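Here the structure is laid out as structure tokens; the discussion comes afterwards.
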Amino acid sequence: MIPTLAGRLQTRSLIVLVIDVPVTVILGVLLNVEASRAAKVGLVIGGLCLLWEMVWHSVQQLRWDKDWPSALAFLIGVPEAVVGKLVLSWLSVLPFHLEWGKYNILFAASWVLGWLLQQGPLRVLFPSWRFEGGRLRARRSLAVKAVTPAAEAASPARERTLVAAGVAADAVAGAVAGAAAGAAGVVALNEASGSANRSAKRSSGTPKPRRTGGSKRPSSSSGSGRSARRTPAVASTGRRRRPWPVIVGVGALIIVFGVFAVIGLGTDQHSGADNTPADVAQAARPVAKAPVAPAGPRAQAWQAPASQQVADTWNMHKLVQPYAVTIPRLRLQQQTQPVGLTAAQTIQEAAQGKIGWYQSTSAPGQTGPAMLLGPLGGGGKSSVLGGLGQLVKGDTVLVTRADSTTVQYVVDKVTKVKSSAFPAAQVYRKSTDSTLRLVGYRGTGASAHDVIVFATATHLLSPKSGP
Amino acid sequence: MTELHTQHDPAVHDRLEHDLEHDSATVVTIGGGLGSFALIDRLRIAGVPADELRVVGRTADPSGAFAELCRSSGMLLGDRLRSDSSARMDNIWGFPGYAASEAVRRRSPGPLLRTLVEPLAAQPYTPTVGLMVESVAREAARIGWTDLVTVGEAYRIAKLPTGGYVVLVSREGQADLAIRTRWVHLALGPAGPQLSDVSESFRSHFGAERVVHAYEDHEEAYQLLRRQGGRVLVRGSGIASSRVLERLIEDRDRTRKDVHIWQLFRTYHAAPTGPRTDRYDAGHGFHYQSYSFPKAAFGGQIRDQIRGLDEGERIELIRRLGSTSTPYRSDWARQLRRGRTEGWYDAVVGELAGLAPRPDGVTAAILLATKERLDLDVDVLIDATGMDTTAAHHPLVEALVEDGLGELNDLDCLRVDEDFVVSCSDSAEDGASGIVASGMTAKGAQYAPVDSFHGLQSAALTIARRLSDEGVGKPLTPLRSLRSWWSWMGGRSL
């Protein structure tokens with residue numbers, strides 16, 4: 001969420017109501033603070049928060065893309081905590097004084113919860129929230145649509161004034177002065193740009209009693225308390241003005257939320273893993289009739305050429321695109337090409353003369369099965385993988401990858417099946433080894449047959465670095 | 001179908017006369033890609049029954065076209081998109097984001113931590129193509145997408161005098177289909193790769209072997225350079241060009257062939273300019289930006305600003321903010337730095353003025369920014385100037401405008417109001433029916449990055465809210481939203 005001023009105020013008001021006040025009260029009771037006093041602490045901090053938002057809004061103007069990263073949203077808690085404490089001590093004629101330790105716990109708990117709420121759960125309750133700069137309800141249409149060029153031109157200047165006022169005041173005079181300046185700036189900004197931002201105007205009006213009230217501390221504190229209570233009612237369209245039980249209930253609900261999210265994610269991942277084989281089973285409908293193979297000679301030994309050496313390290317998690325397939329026994333060498341699914345959910349065919357690597361499987365050299373496929377010939381198709389059925393257990397298949405390394409596989413078994421009985425579960429079965437499924441297909445319809453070569457990677461070869 | 005308004009068009013009339021199949025629905029979405037998916041997903045999760053919805057598209061797979069583009073441009077499933085963790089196509093709430101899913105899958109908190117500290121302490125997290133495609137497929141299965149899809153090409157939308165529309169769809173090997181509907185949604189996506197006139201005419205005479213486009217399959221070009229080395233001209237400086245450069249340099253390092261890379265910039269951004277608070281990052285010609293627009297255009301102050309402008313100013317601002325840019329990634333920057341010091345990478349600033357064939361290559365005539373002319377002999381020209389985002393290049397949109405059912409704006413895309421309802425000169429507003437558009441089809445709307453994942457979802461929410469006002473579906477109130485989210489988390493099918 002990238003906040004706008006109105007969005008900041010609305011979101012913060014909601015958080016004060018459903019998180020800050022309930023959390024300080026509950027924790028306060030646990031820490032032996034009177035409930036009424038803890039509630040006042042929550043409200044004062046909440047009220048200050050609204051003023052702070054104006055300061056932060058002006059700081060945001062210094063960022064070129066008007067972005068507000070999550071880390072910043074979290075870190076601004078530090079100055080808010082410190083100033084909050086100072087203000088509470090300053091008001092200590094009233095029974096606001098709390099020891100640092102307890103205050104820190106109260107503040108940190110409500111701050112972290114409020115921040116977490118903004119990282120996700122709020123998006124669920126208010127789907128438009130993240131597109132509307134933090135407003136709880138999407139705006140239907142702009143009240144003042146025709147922005148005159150003059151006003152438009154004027155507003156950047158106002159914004160700059162606001163920045164200056166907000167920042168300077170913050171640094172020098174602390175929160176109260178900063179907030180007042182910020183509020184004044186906002187009113188000016190609103191009038192200038194004419195942007196219909198009713199909620200912002202109203203809430204920015206709330207600090208007024210404090211200024212006019214002058215040094216009368218009691219009135220100022222209760223003023224800000226009231227403001228915090230009133231503003232959200234406006235901001236969230238008067239819906240949640242209800243008493244404690246509801247508020248506490250909603251707060252608890254939201255806490256439970258995060259836990260659900262974590263649990264739910266686990267199941268989410270699980271179901272995702274499950275549905276691959278079934279999809280793919282349907283997708284992989286390679287093909288055709290084939291002469292039943294084996295009875296072939298013995299496995300052919302293969303010796304790595306002198307220019308290659310066994311690689312020292314083999315990162316089986318790294319995805320490296322396959323470049324070519326070599327099968328020494330067949331004297332076959334073909335380039336590969338990544339393929340996906342067609343509109344009919346079958347695997348795409350690679351370009352003429354190439355072997356397809358079905359991208360949704362692992363890449364050669366990665367853990368898990370890598371599936372490469374091509375036509376066996378016949379039916380007007382080139383025989384890219386012709387003779388695949390002649391391979392026997394123990395033969396070598398090599399896949400050269402785009403980074404010049406070669407994965408050496410040894411054939412485990414060769415099967416021929418009707419395409420209608422394609423053993424998807426076996427082919428796509430996960431493994432911790434790096435395995436290869438080389439599928440040749442021929443024919444269409446009922447006569448479609450596949451030859452499937454199952455192989456397991458044994459070595460990774462890399463070129464010897466020459467002088 | 002005699003009451004159709006199409007008698008004046010003999011071609012259409014003839015087609016209607018013979019065997020036409022009929023169907024009816026409340027909402028028909030045309031496009032069948034991610035834009036359609038976002039809207040259908042939003043309507044389904046708020047309880048609109050499947051038999052009121054229809055999708056017309058070229059593939060049955062909502063992310064099919066997108067995945068195909070990625071593949072053509074050389075991106076594998078593990079490669080990262082230029083997108084945000086919360087811009088999650090299969091989840092209208094954006095929570096949990098892609099980063100959370102990836103963290104669970106990889107059993108590592110890395111992606112989540114990255115989202116927390118980006119962009120201050122780390123480069124932003126971006127999801128992979130595979131994660132996005134897989135999760136869309138899962139959500140599509142959950143909402144019953146395949147039952148809604150008609151694979152075919154919508155070639156005409158006609159207004160019915162009784163209110164509502166009829167959408168005519170031609171299908172392969174079957175009779176045409178006429179779907180009566182109250183609401184039509186258009187999310188047609190790009191019209192194809194964007195080719196300049198120069199490249200276009202060269203290719204029509206001499207073939208597309210030496211002048212390739214980054215969004216078409218151009219593997220052959222890389223193979224050629226891998227085999228024999230050579231000179232290559234990359235045109236453009238956006239995200240597509242960054243990927244092309246990355247691939248070229250990786251190949252160069254692996255094969256150790258001498259490949260000289262020229263990059264043609266139209267505008268050269270030497271350094272950041274402007275006042276400090278309104279300055280984007282730039283260097284070595286590139287305009288660096290994490291996403292296609294400044295972040296606040298996706299849902300912050302700039303979004304508000306754009307909403308407040310009238311059309312002319314709005315389009316002007318959208319053009320300016322959305323100008324060509326590419327994210328800064330340290331590995332890309334390192335590659336290019338090496339290229340500059342070792343002398344095999346050169347930047348050229350200017351316009352491509354002409355192309356001429358030569359044996360084993362092309363001669364590119366470049367009109368430099370200094371008004372001089374440079375003739376560059378290269379083996380391959382890779383055009384990386386992006387996609388054609390002009391909606392009017394779709395025949396369907398053209399027909400729509402001709403029939404007075406829609407209007408074009410200055411970007412030659414459909415003019416829409418703040419709810420993405422297509423403005424229409426034929427204004428018999430009964431409120432109960434209409435045409436809406438999102439994605440590139442609605443570029444120039446009151447939302448700048450319409451064609452981003454965020455934009456598609458934002459438009460889907462807005463359109464669905466408007467539809468719920470008109471009695472189609474229900475608004476996504478907090479409680480209903482929570483309930484739908486809960487069933488998403490549980491993976492319960494609708």
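Since this is a predicted model, take the numbers as computed values, not measurements. Chain A is the first sequence line, chain B the second, and so forth, proteins listed ahead of strands; every chain is numbered from 1.
In this structure, chain A has no heavy atom under 4.5 Å from any part of B:Phe293. There is no contact between A:Ala351 and chain B, counting heavy-atom distances below 4.5 Å. Contacts between B:Ile92 and chain A at a heavy-atom distance below 4.5 Å involve the backbone alone (N, CA, C, O). With a 4.5 angstrom heavy-atom cutoff, A:Phe74 does not touch chain B via any of its atoms. For A:Pro3, the part lying under 4.5 angstrom from a heavy atom of chain B is the backbone only. With a 4.5 angstrom heavy-atom cutoff, A:Lys354 touches chain B only via side-chain atoms.
Note: B:Phe95 and B:Trp485 have parallel aromatic rings, judged against thresholds of 30 and 60 degrees for the angle between ring planes.
Of the listed residues (B:Ser86, B:Ala67, B:Ser290, B:Ser135), the greatest number of heavy-atom pairs within a distance under 4.5 Å of chain A belongs to B:Ser86. The residue among B:Leu76, B:Leu461, B:Leu321 with the most heavy atom pairs within less than 4.5 Å of chain A is B:Leu76. Of the listed residues B:Pro294, B:Ser458, B:Gly57, the one with more heavy-atom pairs under 4.5 angstrom with chain A than any other is B:Ser458. Chain A forms more heavy-atom pairs under 4.5 Å with one residue of B:Arg226, B:Gln289, B:Glu219, B:Glu250 than with any other, namely B:Arg226. The residue among A:Gly7, A:Ala71, A:Ala73, A:Gly134 with the most heavy atom pairs within less than 4.5 Å of chain B is A:Ala71.
Side-chain rings of B:Phe453 and B:Tyr98 stay apart, their centers remaining 6.0 Å or farther from each other.
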- Message: Using the rule given for side chain to side chain donor-acceptor pair (under 3.5 Å), can you reason through B:Trp93 versus B:Ser484, listing the C-alpha separation, both sets of side-chain angles and the distance that settles it, and then say yes or no?
- Response: CA-CA 10 Å; B:Trp93 306 275; B:Ser484 317; over 6 Å; no

- I would like to know whether A:Gln348 and B:Glu68 meet side chain to side chain donor-acceptor pair (under 3.5 Å); could you show each step before the answer? CA-CA 11 Å; A:Gln348 287 178 333; B:Glu68 189 62 51; 2.9 Å; yes

- Could you walk me through whether B:Glu418 and B:Arg314 pass salt bridge (Lys or Arg N to Asp or Glu O under 4.0 Å), step by step? CA-CA 12 Å; B:Glu418 76 268 13; B:Arg314 189 168 67 227; over 6 Å; no

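Partner B:Arg88 forms a side chain to side chain donor-acceptor pair (under 3.5 Å) with one of B:Asp84, B:Asn91, B:Asp90 and no other, that one being B:Asp90.
With no hydrogens or angles considered, a side-chain donor-acceptor pair links B:Glu139 and B:Trp488 at under 3.5 Å.
Judged purely by atom type and a 3.5 angstrom limit, B:Asp419 has no side-chain atom pairing as donor or acceptor with the backbone of B:Val421.
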